[in-house]
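Below is one structure; the comments refer to it alone.
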Amino acid sequence: MSTTMKMFAENATVEDEVQVAADSDSWHIFQIVFQLLLALGIVFGNTLVIVSYRRFEPLRTVSNIFLVNLAVADLLVGILAIPIRIVFVNLPIIRKELQTFLQDMKETLHVPPFCFVWQIVSILLLSASLLTLMAIAIERFVAVQLPYRYIELLTK
């Protein structure tokens, strides 16, 4: 052990360890509150987009179909991915209990654990969002580069 580490180990007290744990808990609480506020904002904003599209007929264009698709994918992020991430990642107590439960389930039922559910959901929804953004970019490219054939190409 280096001399610095020995000095730190000798000078470390129980209060220091309690302070580190308290800082960790406050960081988890901050992350949870931030992610909940983010999820609420995502749900509110994307719900407005979807409701506007459904309610106002002039908004029902080919371009806006892609935007509504993006809004639905992002809405699912706010409803599914972020809350699942909060439970699996940011709540250490629940995470420990879930790991124990899933390990018991794996041993008794021979079923793979669902510890990466939030990652799978996040990746699927991120892929949906990215593919929609790609479709929007292609649609806009066609609209700019082939303005006279745009309606013919995108309404078939």
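- Residues R60 and Y53 approach most closely at NE-O, 3.3 Å, considering heavy atoms.
- Note: I32 CD1 to R85 CZ = 10.5 Å, rounded to the nearest 0.5 Å.
- With N69 contributing its side chain and T132 its backbone, the two residues share no donor-acceptor pair below 3.5 Å.
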List, one per line, each side-chain donor-acceptor pair under 3.5 Å for residues 40-49, sequence neighbours excluded.
residue: N46; atom: ND2; partner: I42; partner atom: O; Å: 2.9
residue: T47; atom: OG1; partner: V43; partner atom: O; Å: 2.5

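- Q35 and I86 make their closest contact through OE1-CG1, 3.1 Å (heavy atoms, listed as atom of the first residue, atom of the second, distance).
- For S52 against L59, the heavy-atom pair with the smallest separation is O-CD1, 3.4 Å.
- Of all heavy-atom pairs between P83 and I79, the closest is CG-O, 3.3 Å.
- No path of Ile, Leu, Val, Met, Phe, Trp and Tyr side chains, each step under 4.5 Å between heavy atoms, connects I123 with V121, placing them in separate hydrophobic clusters.
- Taking every heavy atom of both residues into account, G78 and A39 meet most closely at O-CB, 3.6 Å.
- Atom CD1 of I136 and atom CG of N64 lie 9.5 Å apart (nearest 0.5 Å).
- Rounding to the nearest 0.5 angstrom, the gap separating the CE atom in M134 from the CZ atom in F141 is 14.0 Å.
- In terms of the side chain to side chain contact (heavy atoms under 4.5 Å, CB included) criterion, residue partners of F30 (sequence neighbours excluded) are, by chain and number, W27.
- From S129, atom OG reaches atom CG of L76 across 9.0 Å, with rounding to the nearest 0.5 Å.
- The structure places OH of Y150 at 14.0 Å from CD of Q145, a figure rounded to the nearest 0.5 Å.
- Taking OG of S122 as the reference point, atom CD1 of I82 lies at 8.5 Å (rounded to 0.5 Å).
- Residues V62 and L70 are members of one and the same hydrophobic cluster, defined by side-chain heavy-atom contacts under 4.5 angstrom among Ile, Leu, Val, Met, Phe, Trp and Tyr.
- Linking Ile, Leu, Val, Met, Phe, Trp and Tyr whenever their side-chain heavy atoms come within less than 4.5 Å puts L37 and I29 in one cluster.
- Under the 4.5 Å side-chain heavy-atom criterion for grouping Ile, Leu, Val, Met, Phe, Trp and Tyr, V51 is not connected to I65 through any hydrophobic cluster.
- The shortest heavy-atom contact between A81 and L125 is CB-CD1, 4.2 Å.
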